[in-house]
2 protein chains.
Amino acid sequence: MATLKDIAQRVNRSVTTVSRALAGYSDVSPETISIVRSAADEMGYVPNTLARRLRNRSTETIGFVVPDSSGGYSEAFFSEFLAGVSKRAADFGYDLLVAVAHDKEDEISIYRKLISEGKVDGFVLTRTYCRDARAELLTKEGFPFAMFGRVENASSAPYVDEDGTYAMKLITEHLVDRGHTRIACIGQPESIMFSRLRLQSVKEHLATAGVQIPEEYIRMGYFSQKDGYEQASDLLRLPTPPSAIICFNDLLAFGAVNAGKDADLRIGRDLAVTGFDDIPMSAHYRPPLTTISQPIQGIGGMVVDLLLDRIQELRGITFQEHESEAAKRRILIPESWKVEADRHHHQLLLKPELIIRGTT
Amino acid sequence: MATLKDIAQRVNRSVTTVSRALAGYSDVSPETISIVRSAADEMGYVPNTLARRLRNRSTETIGFVVPDSSGGYSEAFFSEFLAGVSKRAADFGYDLLVAVAHDKEDEISIYRKLISEGKVDGFVLTRTYCRDARAELLTKEGFPFAMFGRVENASSAPYVDEDGTYAMKLITEHLVDRGHTRIACIGQPESIMFSRLRLQSVKEHLATAGVQIPEEYIRMGYFSQKDGYEQASDLLRLPTPPSAIICFNDLLAFGAVNAGKDADLRIGRDLAVTGFDDIPMSAHYRPPLTTISQPIQGIGGMVVDLLLDRIQELRGITFQEHESEAAKRRILIPESWKVEADRHHHQLLLKPELIIRGTT
DNA sequence: GTGAAAGCGCTAACAT
DNA sequence: ATGTTAGCGCTTTCAC
């Protein structure tokens, strides 16, 4: 591996000059620059990452800690998000460090460890809780992070989230329009922020439409297709079973559809089912699932943008910032996104889209 | 952040001594050791990872490059494997760097980049191809790697694989025992090593049992539940449709089951379907899926063991190795695994287990 | 426009 | 048993 020193010897300049030439500093003569550049190319020079990181006190690495109970994730969601994060990070020369936690306590200790060992510059969080231990820790430590989802105990932290309240407005209105009055829902635990928001929204908008939702129609705490099947089966055995089931992710909805089929109901006619996420399989399910689309990969990328912006911001306080650098990091929202943002574009709420298919 | 220097000043020793005390070298007085240790504890000393890595010329990081077309993965497989890798790596103080590739060419260039920038000490590969461009590159570069799966163009590389040949023997025998003579199969592209091996095995064992398998019964090149549905539907529309369908993963099998249901066949009686992987959902599908179990998480861990062993081996050539270190790294195979291994335990073949459930 | 020198925090060879 | 010295490869004052 060629080093700056090797190049310096070859072109008869000092290491310093070579370093600056390569970095494109303005106080290096054009001639020197071209000499150095071509030498570097020929020698296949690649800067030593470790040395640069040590010197710059920057790991150029983003941390992503995955809770092992990934049952919580619909798996497709997880890979999509990961792809979005990884690619955007790579665009900025950042690496992605992934750690998988054994359990809840382990998770927090992993964050502690990664921080104290200085292995990452910041974290990306997803699947946020209303009271989120991770957000709390990171806020307390003053360590940079950005989230897919909101929390209640870190109100100024940067996030991207889908407007679940609005999404559920779309869904309830859609179902009420279709004439449904017995509407149930199956969702994740209410401790998860988005789940609570969605449930609240369902309740509110049903109330507005003058539709009652009895307690036994509300099933919270579930994730998987199996859960969806079981809860839906149970709902359908009630004395007055629902005619529509709102599920808080697509997997739950698949389970509910199966339960309906097993109860000999015609899905979309006798029983309506809706999902959330629009994972790839949803369009190909039978019948295809009515659901809410989320640009998960794009959101992953956006969370990285927010995080890197935050990191730069904190650096700015400590170090002098080149103006050019400062200008580089500005949050850019894709044209195609409908979004509500705060003044600094650090807290973004996406307007979701309802995809009407065969299950309603 | 406290540094060695800080501790050294506090306890009136040199930085060297402190370093060695903390590392537990035998040539430091017990007294000094305890003084240094307690000072370090009090000051909350954590070694600077970057500095240590630069000095040791080791990144303590494993690379895992995920092809973006993760449609290829059954998603559950992917997270399980990741969990196994990450946890085992953590046991040895190694980090996991994950990169997601846009496409096939991008993938190779990511490997090149990570190598030349010195960001990882070795790679973990999965979903291997018969002629695997990654394995080829890494072998050529002499860069450490270990695989879940075999390849044909890197015969001495360390791997763990499930014995797919044996697995298919179990499945075909099971089906033939049940009286099936019209047996079809749906698998991934034959360019994928495990897929080719499984297909070969199916053909051989059917031949042995005196069962014909016509060309139109063989559908290779598929991954998803949707694929499974489409191919199975097509098979069932043939003049002489199969009475059993062997699928090379569980997702395909789910699709095939659905196709059978839609054709009003009783699954397990009129039509038998088998899967592969035993992902969590398989036990809860309706009917529950007959399939082959793979301890995916355990395999992920084992691949890490193989890789770290390989890395140490290569280091041993360059650097002097502490004996204790050398002793530490020996491949240990879990008691519960039935396994065929080479002399050095660097190439492992797991004996799979057939899980008979409701679909046969 | 260029170079010398210092230092990020750590470890190891080599004294003593 | 401990300290001195050197250096990993890079970036950044600061002086000329």
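Just so we're clear, the structure is a prediction, and the values are computed from it rather than from any experiment. Just so we're on the same page: letters track the sequence lines, and every chain starts at 1.
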Please list, for nucleotides 13-15 of chain D, all pairs of protein and nucleotide N/O atoms separated by less than 3.5 Å.
none

Given 3.5 Å as the limit, does a donor-acceptor pair link the side chain of A:Arg88 with the main chain of A:Val304, or not?
no

Query raised in the report: Under 4.0 Å between a side-chain N or O of A:Ser14 and OP1 or OP2 of C:dT2?
Result: no

### NZ/NE/NH1/NH2 to OD/OE distance under 4.0 Å, A:Lys104 and A:Glu107
no

A:Leu22 atom CG is separated from D:dT12 atom C1', nearest whole Å, by 16 Å

Between B:Phe81 and B:Phe148, does the ring centroid distance fall short of 6.0 Å?
yes

If we ignore hydrogens and angles and just use 3.5 Å, is the side chain of B:Asn56 paired with the main-chain N or O of B:Ser58 as donor and acceptor? no

Has A:Thr128 got a side-chain atom pairing as donor or acceptor with A:Arg150's backbone, closer than 3.5 angstrom? yes

Whether the side chain of A:Arg53 engages the backbone of A:Thr59 through a donor-acceptor N/O pair (distance < 3.5 Å, no angle test) should be reported. yes

Taken to the nearest whole Å, CZ/B:Arg13 to C1'/D:dA1 is 10 Å

Handout entry: Centroid separation A:Phe123 to A:Phe64 less than 6.0 Å
Key = no

Subject >> Check: A:Tyr111 and A:Leu125 side chains under 4.5 Å, non-hydrogen atoms >> reply: yes

*asked:* When you measure from the side-chain N and O atoms of B:Arg53 to the phosphate of C:dG9, is any distance below 4.0 Å, counting only OP1 and OP2?
replied: no

_One thing to verify: whether B:Glu60 and B:Arg52 come together as a salt bridge, which I'm taking to mean a side-chain N less than 4.0 angstrom from a carboxylate O._
yes

Query raised in the report: How about B:Ile110 and B:Asp106: do any of their side-chain heavy atoms sit closer than 4.5 Å?
Result: yes

Here the distance between atom C1' of D:dG9 and atom CD of A:Glu60, to the nearest Å, is 14 Å

Notebook entry, point to check: Hey, does the side chain of A:Tyr25 come within less than 4.0 Å of D:dT12's phosphate (OP1/OP2), counting only N and O?
Noted result: yes

Per nearest nucleotide of DNA chain C, the residue lying toward the 5' end, B:Lys5 or A:Ser26, is A:Ser26

Atom CZ of B:Arg52 and atom P of C:dC8 are separated, to the nearest Å, by 18 Å

To the nearest angstrom, the CG-P distance between B:Asn56 and C:dG9 comes to 16 Å

*Is B:Thr17 near enough to D:dG3 that one of its side-chain N or O atoms lies under 4.0 angstrom from OP1 or OP2?*
yes

Here the distance between atom C1' of D:dC8 and atom CE of A:Met1, to the nearest Å, is 15 Å

Going by atom types alone, do B:Arg13 and B:Thr32 pair a side-chain donor with an acceptor below 3.5 Å? yes

Within residues 31-49 of chain B, the residues having a heavy atom closer than 4.0 Å to DNA chain C are B:Tyr45, B:Pro47, B:Asn48

message: Tell me if the CE atom of B:Met1 is crowded by more than 12 foreign heavy atoms within 6.0 Å.
response: no

A:Leu54 CG to D:dT12 P, in whole Å, measures 13 Å

When rounded to whole Å, the CZ to P distance for the pair A:Arg55 and C:dC10 reads 16 Å

Taking for B:Ala51 and for B:Val28 the nucleotide of DNA chain D with the nearest heavy atom, the one nearer the 5' end belongs to B:Val28

Bend of the helix from C:dG1-D:dC16 to C:dT16-D:dA1 from end-axis comparison, five pairs per end, nearest 10°, comes to 40°

